[in-house]
Amino acid sequence: MWQVIGQDKILALLDYSLKSGDIAHAYLLLGPQHVGKRTLAISFAQALNCDGQGAPCGQCASCRRIWEGKHSDVISIGLGVRRAISIDDIRELQHLANLPPYEGKHRVFIIDGAEYLSVEAANALLKILEEPPPKLTWLLLASDDQYLLPTVVSRCQRLELRPLPREQMRRFLIESRQVEWSKADLLSRLSQGCLGWALSALDGDEWLEQRCQVVSKLSSLLDTSFAERFDYAQARAAELEKKHEPAVELVNAWFGWWRDLLLTKMNGMESIANIDYQDLLRAQASVLSLVEIREFIGKLYKMQQGLVNNANLRLMFEWLMVNMPRKELLHE
Amino acid sequence: MKLSCLQENLSKGLNIVGRSVATRSTLPITQNVLLAAEQSQLKLVTTNLEMATTCWIGAKVEQEGAITIPARLLTDFVNSLPNDLIEITLPPNSHMLEFNSGRIRAHMNGIDAEDFPPTPQINNGIITHIEADALRQGITQVVFAAATEESRPVLAGINTEFENEQLNLVAADGYRLALHKMPLASTIEQQYTVIIPARTLNELNHLLGNQQDPVEITINEQRSQVLFRLKNVEIVSQLIQGSFPDYSQVIPKSYTTRAVVDITEFMRVAKMSSVFARNANGIIRLLITPGADLNAGKITISAQAEEIGDNVSEVDALVDGEEAKIAFNVKYLSDVLSSIPQSQIALEISTPSSPGVIRPIGVDNYVHVIMPMFVQW
């Protein structure tokens with residue numbers, strides 16, 4: 001039984017490959033963060049080494065060792081705290097690549113975050129991908145293939161993981177995790193189809209609280225004075241200095257809110273993410289014009305670009321605040 | 001787990017298995033050594049996923065059990081203990097191993113033995129035996145010629161051919177080739193070839209010094225692993241997958257000049273030339289002159305380094321054939337000369353651009369081929 005929820009097409013393909021014994025030497029698993037690439041990779045490694053019935057059974061010793069990360073034939077390298085995956089990591093794997101499996105049936109090397117391979121590392125990897133040794137499968141996990149060498153991409157079988165439909169995720173959260181309906185609904189909307197994200201948000205309750213604070217704050221700025229907005233810009237810049245990831249997350253929260261405003265304006269309420277703020281969304285959407293919303297989303301794109309280019313955080317936030325429409329809200 | 005053993009034995013055992021501890025590994029537990037108390041022995045196991053070494057040492061076992069302990073920590077600690085009885089205890093449901101020896105106590109935090117990669121079991125397959133001394137000489141004479149980089153994986157291994165009652169070891173790195181033939185102590189029915197990682201044979205070689213009895217070699221049916229069984233020690237190694245290049249074409253069938261020379265003298269002169277050659281890509285030039293009338297034949301060895309200086313020396317040789325010259329990398333020449341136990345070698349060459357062959361005089365079990373270097377004469 002596969003531990004993977006959704007991705008039926010990919011599972012069908014892999015099942016067929018397993019049955020016919022026609023396993024590619026390398027697969028490129030593409031999909032947004034938390035969509036389930038790692039889970040799929042581990043499950044596939046289990047299937048290739050499973051001793052039980054209906055691979056991957058998840059019960060046999062081999063499946064359990066792989067799940068716990070103890071199997072010596074399933075090796076995973078990732079970014080960890082580093083900025084890039086170095087050529088030394090690949091060389092180490094290159095050495096093992098030419099040896100047969102140690103305890104299992106099939107070696108699986110997982111590169112989590114293949115977009116972070118240094119150029120030298122990617123070229124070293126290319127050399128092994130060109131002359132694949134038997135009984136070895138590489139699983140390259142990446143969110144986007146545009147950061148990978150095209151020569152590497154062309155030597156892998158592409159598997160694109162799709163975000164999980166909202167319905168399916170809600171059902172899974174309610175049935176398997178006993179989450180109450182409203183929370184499951186909110187998580188399925190916020191996660192944008194990434195189950196891993198929803199599950200980690202579920203495990204850490206403080207995350208949902210934090211998100212409430214963030215959304216309350218950013219949504220309250222529409223009808224405030226410039227002084228208050230500049231305070232916000234200054235506070236965020238101080239808080240997020242040299243923290244790239246949280247800054248990206250905050251901009252994504254902004255995107256989420258304005259996307260919802262756009263959807264509300266267009267009468268697409270059923271697709272909004274911040275379902276717990278629908279009254280405020282309605283109120284704000286009613287005073288904003290479609291053009292204003294669209295233009296501000298354009299500004300957010302620029303902000304996102306600025307983050308990539310390492311622009312001054314405070315300047316960017318202040319610029320965003322100046323460019324955000326100011327509207328009086330009708331408070332009921 | 002509860003046992004006692006002598007510090008000397010434990011230290012020796014850890015030294016043996018310490019050679020296959022992973023140095024840098026994606027699987028952290030492979031930096032540990034597995035200790036398992038069973039019957040009246042303590043079993044020590046390490047693996048780097050390429051080879052696994054198991055060693056048994058005598059111990060008084062009161063209660064069986066197993067745990068893994070960081071190899072470095074354990075070895076350094078045991079080595080610094082006086083030679084005395086060590087009591088080792090692992091309380092039930094604990095990962096904290098306790099050591100007691102005289103007035104010394106220590107605790108070490110370990111990882112569950114269940115998590116340790118299981119050592120591949122090789123019970124049936126092709127079994128043969130070989131004298132430890134013969135194997136040791138064979139390994140010494142070929143292993144240095146294996147490639148050290150990974151660009152061609154099969155060349156990082158030793159091509160091992162079993163042929164009825166003979167064992168051939170072949171190593172090549174693209175610039176040189178070494179072939180050693182030795183007799184097996186027990187014949188095998190068929191003929192087959194596997195590639196054993198050079199590192200495994202290197203480590204095996206270190207352990208063969210204390211081995212009196214023949215070594216048992218078992219290759220599993222899938223030809224993916226090999227087991228070397230020594231006294232109280234077993235080494236299981238992965239076999240490199242792939243096929244070794246056909247080397248028979250590399251060994252020249254004929255020569256125009258053959259020089260028989262004394263190894264000690266040749267070695268001394270080569271070493272002297274290397275002082276200059278190391279600044280000139282390691283190039284030394286050999287000019288072989290046959291004897292005429294009353295003069296003996298000789299080999300003239302020269303090395304010159306731009307702007308540094310040069311050196312020319314001669315050694316006497318019994319030369320057969322015409323005058324000939326060839327240039328070698330001095331390292332390759334001294335590597336092979338220092339691995340030959342006999343007192344004389346024959347150097348066979350034909351043109352400056354064809355490989356040179358070195359054979360020991362008095363035995364015909366070893367051939368070494370060195371590719372020449374191209375130089376202006």
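The figures that follow rest on heavy atoms only: side chains count, while hydrogens, waters and symmetry mates do not. A note on names: the letters A, B, ... follow the listed sequences, proteins ahead of strands, and every chain is numbered from 1.
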Side-chain ion pair, Asp73(A) and Lys105(A), N-O less than 4.0 Å: no
Whatever's closer than 4.5 Å to a heavy atom in chain A on Gln225(B) counts as side chain
Contact origin within Pro197(B) toward chain A - heavy atom pairs under 4.5 Å: side chain
For Trp207(A) and Trp197(A), take the angle between the two ring planes, folded into 0 to 90°, and tell me which bin it lands in: parallel under 30, tilted 30 to 60, perpendicular over 60. perpendicular
Specify which of Leu49(B), Ile195(B), Val154(B) makes the most heavy-atom pairs with chain A at under 4.5 Å. Leu49(B)
Between Arg223(B) and Glu221(B), is a salt bridge (Lys or Arg N to Asp or Glu O under 4.0 Å) present by the stated rule, with each step listed? CA-CA 5 Å; Arg223(B) 295 191 190 178; Glu221(B) 277 158 355; over 6 Å; no
Out of Ser76(A), Ala61(A), Pro100(A), return the one with the most heavy atom pairs under 4.5 angstrom to chain B. Pro100(A)
Contacting region of Leu99(A) [heavy-atom separation from chain B under 4.5 Å]: both
Whatever's closer than 4.5 Å to a heavy atom in chain B on Asp89(A) counts as both
Test salt bridge (Lys or Arg N to Asp or Glu O under 4.0 Å) on Arg176(B) and Asp335(B); report intermediate values, then the result. CA-CA 11 Å; Arg176(B) 52 182 163 175; Asp335(B) 276 352; 2.7 Å; yes
To the nearest 0.5 Å, tell me how far Asp145(A) CG sits from Leu140(A) CG. 11.0 Å
For chain B, the option from Pro133(A), Ala124(A), Pro101(A), Ala97(A) that forms the most heavy-atom pairs under 4.5 Å: Pro101(A)
Pairing donors with acceptors under 3.5 angstrom, does anything connect the side chains of His34(A) and Ser200(A)? no
Find the one option among Gln94(A), Glu68(A), Glu92(A) whose heavy-atom pairs under 4.5 Å with chain B are most numerous. Glu92(A)
Measure Arg107(A) against the heavy atoms of chain B and call it side chain, backbone, both or neither at under 4.5 Å. side chain
Among Ile240(B), Asp115(B), Asn48(B), which residue forms the greatest number of heavy-atom pairs with chain A at distances under 4.5 Å? Asp115(B)
Taking it one step at a time, do Arg65(A) and Glu103(A) satisfy salt bridge (Lys or Arg N to Asp or Glu O under 4.0 Å)? CA-CA 11 Å; Arg65(A) 283 177 70 83; Glu103(A) 57 176 299; 3.2 Å; yes
